[in-house]
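Here the structure is laid out as structure tokens; the discussion comes afterwards.
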Amino acid sequence: MKFIKLTLGSYVISHGYDSNNKEVLEHVRSATFSKKIIPISRIKSISEKYILTDYVDDRWIYWEYEESFNDLEHILVE
């Protein structure tokens, strides 16, 4: 399993949808960024602002990250 070291900050957890088909989101604010090592297999997509990862129980997490989009693209597309 390959891993990547990222500097991550605030994040949004998607817990799925309620009975009205409205997405249930939990916003978690962080005053600082911290380094984390995560499996590359958990990364589902990357935008210029967020990295989308999966988590247990079919949850999705949108992380803010500090690295540049271009740096991540070069690491992951190799």
Side-chain angles (χ1 to χ4, degrees):
M1 181 180 306
K2 287 188 165 190
F3 291 83
I4 187 170
K5 180 171 59 173
L6 298 169
T7 311
L8 303 173
S10 299
Y11 55 97
V12 179
I13 303 171
S14 173
H15 292 280
Y17 295 86
D18 65 14
S19 60
N20 294 318
N21 206 30
K22 183 177 182 206
E23 191 171 19
V24 178
L25 299 173
E26 175 184 353
H27 296 267
V28 180
R29 302 283 178 221
S30 176
T32 60
F33 284 79
S34 61
K35 293 187 185 300
K36 297 188 185 306
I37 297 175
I38 63 169
I40 290 176
S41 62
R42 286 188 45 206
I43 297 173
K44 302 307 171 195
S45 75
I46 297 175
S47 69
E48 289 185 6
K49 184 173 181 179
Y50 293 106
I51 294 176
L52 174 61
T53 62
D54 62 3
Y55 198 63
V56 295
D57 301 328
D58 296 325
R59 294 182 188 159
W60 301 96
I61 302 178
Y62 298 89
W63 293 92
E64 291 180 356
Y65 64 96
E66 197 170 57
E67 290 78 12
S68 78
F69 179 85
N70 289 337
D71 287 345
L72 289 179
E73 178 183 21
H74 286 20
I75 292 168
L76 295 171
V77 174
E78 295 180 343

field: Residue from L72, T53, L52 passing side chain to side chain contact (heavy atoms under 4.5 Å, CB included) with I46
entry: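 Output: one option passes, namely L72.
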If every non-hydrogen atom of [X] is compared with every non-hydrogen atom of [Y], which pair is closest and at what distance?
X: S30; Y: S10; result: N-OG, 2.8 Å
X: K5; Y: K35; result: CD-CD, 4.3 Å
X: S14; Y: E23; result: OG-OE2, 2.7 Å
X: R42; Y: Y55; result: NH2-CD1, 3.5 Å

message: With a 3.5 Å distance limit and no angle check, can you tell me whether D18 reaches the backbone of N20 through a side-chain donor-acceptor pair?
response: yes
query: Between T7 and S34, is there a donor-acceptor pair closer than 3.5 Å when you use the side chain of the first and the backbone of the second?
result: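 Not confirmed, T7 side chain does not pair with S34 backbone.
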When rounded to the nearest 0.5 angstrom, what distance separates [atom1] in [X] from [atom2] in [Y]?
X: I4; Y: L76; atom1: CD1; atom2: CG; value: 4.5 Å
X: N70; Y: E48; atom1: CG; atom2: CD; value: 8.0 Å
X: D71; Y: L6; atom1: CG; atom2: CG; value: 11.0 Å

Joint cluster assignment, [X] & [Y], ILVMFWY side-chain distance < 4.5 Å:
X: I51; Y: V12; value: no
X: I43; Y: Y65; value: yes
X: F3; Y: L8; value: no
X: I13; Y: F33; value: no
X: V28; Y: L25; value: no

task: Kindly indicate whether the side chain of Y17, heavy atoms from C-beta on, has any atom under 4.5 Å from the side chain of V24.
output: no
- prompt: Should the heavy atoms of other residues, nucleotides or ligands under 6.0 Å from CG of D58 be counted, would the total exceed 12?
  reply: no
query: Any idea how Y50 and Y62 line up, ring-wise: parallel (<30°), tilted (30 to 60°), or perpendicular (>60°)?
result: perpendicular
